[in-house]
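Here is how names work: the chains are called A, B, and so on, in the same order as the sequence lines, proteins then strands, and each is numbered from 1.
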Amino acid sequence: MNSSCISRASLLHGFPPCLRVSVVQPSVLRSYPMSDIRLRFAPSPTGYLHVGGARTALFNWLLARKLGGTFILRIEDTDVARSTEESVNAILEGMEWLGLDWDEGPFFQSDLFPVYREYVRTLLEQGKAYRCYCSAEELEAKREAALAEGRKPKYDGSCRGLSGEPAGKPFVVRFRAPQEGVTAFDDLVKGPISFNNEELDDLIIQRSDGTPIYNFTVVIDDATMRISTVIRGDDHISNTPRQILLYEALGFPVPRFAHVPMILGSDKSRLSKRHGATSVMAYRDMGYLPEAMINYLVRLGWSHGDDEIFSREELIEKFTVEGIGKSAGVFNPDKLLWLNAHYIKSGDPARLAQLLLPFLLERGVNPADGGPELPPVITTLQERARTMLELADGALFYYRSEVLYDDAAAAKQLTPLQFPLLRAFGEQLATWEEMTPGGIETLFKAFCAAQGIKMGGIGPSVRVALCGVTTSPAIYDVIAVLGRDETLRRLECAVTFIKGKTE
RNA sequence: GGUCCCAUCGUCUAGCGGUUAGGACACUGGCCUUUCACGUCGGUAACAGGGGUUCAAAUCCCCUUGGGAUCACCA
């Protein structure tokens, strides 16, 4: 291995003592010697955490956890104009919601500008970079002309050989890229990829305002943070040869690359808002569980035989880069919904109760104000809710003091014909001992036998009396959760309602 | 347009020379059932096209076609 190169690089180019986040530095020092496996997620804070970014983060996190490596979060905010603090917070919030914890960082590239400038100076001194005085307008004009004539819109190198330095004139710094030869790498997911160097031009590494540019900072950071494998979106493939050239010019070892395919919308174009929500947090607000999102995301582009359901532990155990597919995949909300339903169905009611609370409060219901305990309520609803929204809506009737009768349901089930039945059933229930679902079922059976009716003769009207609607959890469960007193109260209300109707 | 990447049911995918091409979502038929669901049993549905290599190709190679990415003083 090239570990000697790595340690040399880190010794020579370690972090300056000026990192903004104070908790960061001790962990840097502590973790560096601990592991050679170092992965990172490096989003740019120009928006929320979208599902594509989240999946990239997940793959990095999974590999780090599987191999006992280190997972680093780095915020790529070198574009001061487009980066915002809200975006940083949104990304952090998304990562936390998904449970993707990081071992080092978050680092901010904007804190490292002096470091980058130092490397630029070195490259300049070594003649591996040069000042370019062409204006942005000039360049744009040349590019358009080239495109119009069908030539490559590539920098013409006019400042390559400049020696005089017009003082005071603004300049950018360009990397002097080799114009011949081939740059190749063996991508961990795509296989061997190579580019002719003549396709590459002298990329700008520092703007005229002195700030560095992504393709440069990403190399410096991945090298100094000793990232062993770079897992990122395959929209970065075409950047990779330029970056490799930079690694070499800087004398850094080149990391391994794994370019994961994009996520597409239903029309197979790049996933965007017009396909629906793309923000991870939007899914939380729509009532999705983080484990469903994780499970969905990991299966979009990664597989382990025919397995579909993975716990976090299983993922850490089974994840491999080899399992990542090469082709882009369509984001399928239906499957996400199915996974969400699965996790709601099999989730721990007490935990779901915690997660459900905000949705309930949003609907003006606070279980703390009275009514049945939330976990048993959830148990009756789990297999009929696909999202937390549906779970919340389904739980409302338990907590409303007034049952809201659906017109059609009341018209059909709360009739004078049912009046004596409901009243008689209430009388039976008032003295019934066993208030468990099974016990209540026994009561219903006995009641039906005594009245000479079938379940269909009493069940539906009791349901409407208690829930107000014709669709609800199993009626035995509802009664058990509501309790005798509340059930009797609602039965009485229904009886009164019928009486009111006939008068 | 140049360069690069990709190609199995509608969608996510298994397959890594020999399979009746499997699973999942969705759709759909039956069963279960006091409602709605859940569950369960079954069904429809794919190797983009053309050349090779091979006894044998969804699997390997080439071409075509189709999709995507990228060509910024964005990341």
Practice task
Name the nucleic acid region contacted by A/T46, choosing base, sugar-phosphate or nothing; use a 4.0 angstrom heavy-atom cut-off, strictly under.
Solution key: nothing
Practice task
May I ask you to say what A/T470 touches in the nucleic acid, namely base, sugar-phosphate or nothing, with a heavy-atom cut-off under 4.0 Å?
Solution key: base
Is there any protein nitrogen or oxygen under 3.5 Å from a nitrogen or oxygen in nucleotides 63-65 of chain B, and what are the pairs?
none

Exercise for the section: For B/A14 versus B/U59, give the span between their P atoms, rounded off to a whole number of Å. Expected result: 15 Å
Problem - Short N-O contact, A/D222 and A/R74, less than 4.0 angstrom - result: yes
Problem - Touch class at under 4.0 angstrom, heavy-atom based, for A/F195 against every strand present - result: sugar-phosphate
Exercise for the section: Check every strand shown and say whether A/I193 touches a base, only sugar-phosphate, or nothing at a heavy-atom separation below 4.0 Å. Expected result: sugar-phosphate
Exercise for the section: Kindly indicate whether the side chain of A/F41, heavy atoms from C-beta on, has any atom under 4.5 Å from the side chain of A/F59. Expected result: no
Problem - Heavy-atom side-chain proximity of A/P290 to A/Y283 below 4.5 angstrom - result: no
Practice task
State whether the distance check finds a donor on one side and an acceptor on the other, under 3.5 Å, for side chain A/R384 versus base B/C36.
Solution key: yes
Practice task
Using the C1' atoms only, state how far B/A7 lies from B/A46, rounded to an integer number of Å.
Solution key: 12 Å
Exercise for the section: State whether A/R40 and A/E76 are salt-bridged, where the test is any N-O pair (Lys NZ or Arg NE/NH1/NH2 against Asp/Glu carboxylate O) under 4.0 Å. Expected result: no
Problem - Residues, nucleotides or ligands: over 12 heavy atoms within 6.0 Å of A/R484 CZ - result: yes
Exercise for the section: To the nearest Å, give me how far apart OH (A/Y214) and C1' (B/A75) are. Expected result: 6 Å
Handout entry: Protein-nucleotide distance (A/D334, atom CG; B/U13, atom C1'), rounded to Å
Key = 16 Å
Practice task
By nearest nucleotide on RNA chain B, pick out whichever of A/G459 and A/E308 is the more 5' one.
Solution key: A/E308
Practice task
In plain terms, say whether A/D187 and A/K326 are close enough for a salt bridge, that is, a side-chain N and a carboxylate O under 4.0 Å apart.
Solution key: no
Close N or O pairs between protein and nucleotides 68-73 of chain B (under 3.5 Å):
from, atom 1, to, atom 2, distance (Å)
B/U70, OP1, A/R270, NH1, 3.1
B/U70, O2', A/S238, OG, 3.1
B/A72, OP2, A/R143, NE, 3.3
B/A72, OP2, A/R143, NH1, 3.2
B/C73, O2, A/S208, N, 2.9
B/C73, O2, A/S208, OG, 2.9
B/C73, N3, A/S208, OG, 2.9
B/C73, N4, A/C134, O, 3.4
B/C73, N4, A/A136, N, 3.4

Exercise for the section: Please work out if A/T471 contacts a base, only the sugar-phosphate, or nothing of the nucleic acid, heavy-atom cut-off 4.0 Å. Expected result: base
Scan nucleotides 42-45 of chain B against the protein and return all N/O pairs shorter than 3.5 Å with their distances rounded to 0.1 Å.
none

Practice task
Have a look at A/Y398 and tell me which of A/C467, A/P376, A/P473 forms a side-chain contact (heavy atoms from CB on, under 4.5 Å) with it.
Solution key: A/P473
Practice task
Using a 4.0 Å heavy-atom cut-off across all strands, classify A/T211 as base, sugar-phosphate, or nothing.
Solution key: nothing
Exercise for the section: Would you mind classifying the nucleic acid contact of A/E199 as base, sugar-phosphate or nothing, using non-hydrogen atoms under 4.0 angstrom? Expected result: sugar-phosphate
Practice task
Answer with base, sugar-phosphate or nothing: what part of the nucleic acid does A/G301 contact at a heavy-atom distance below 4.0 Å?
Solution key: sugar-phosphate
Exercise for the section: Quick one: label A/P43 by what it contacts on the DNA or RNA (base, sugar-phosphate, nothing), any heavy atom closer than 4.0 Å. Expected result: nothing
Exercise for the section: Please determine, for the side chain of A/E383, which listed nucleotide (B/C25, B/A37, B/U13) has the closest atom? Expected result: B/A37
Completion exercise
Rounded to whole Å, the CZ-P distance (A/F185 to B/C4) equals 12 Å
Problem - Face-on cation placement of A/R242 at A/F175 ring, 6.0 Å and 45° thresholds - result: no
Exercise for the section: Identify whether the distance between the nearest side-chain nitrogen and carboxylate oxygen of A/E291 and A/R312 falls below 4.0 Å. Expected result: no
Practice task
Mind checking A/A474 for me? I need base, sugar-phosphate or nothing, with any heavy atom below 4.0 Å counting as a touch.
Solution key: base
Practice task
Go ahead and name the base partner of B/A69; Watson-Crick or wobble counts if both distances stay under 3.5 Å, otherwise write none.
Solution key: B/U3
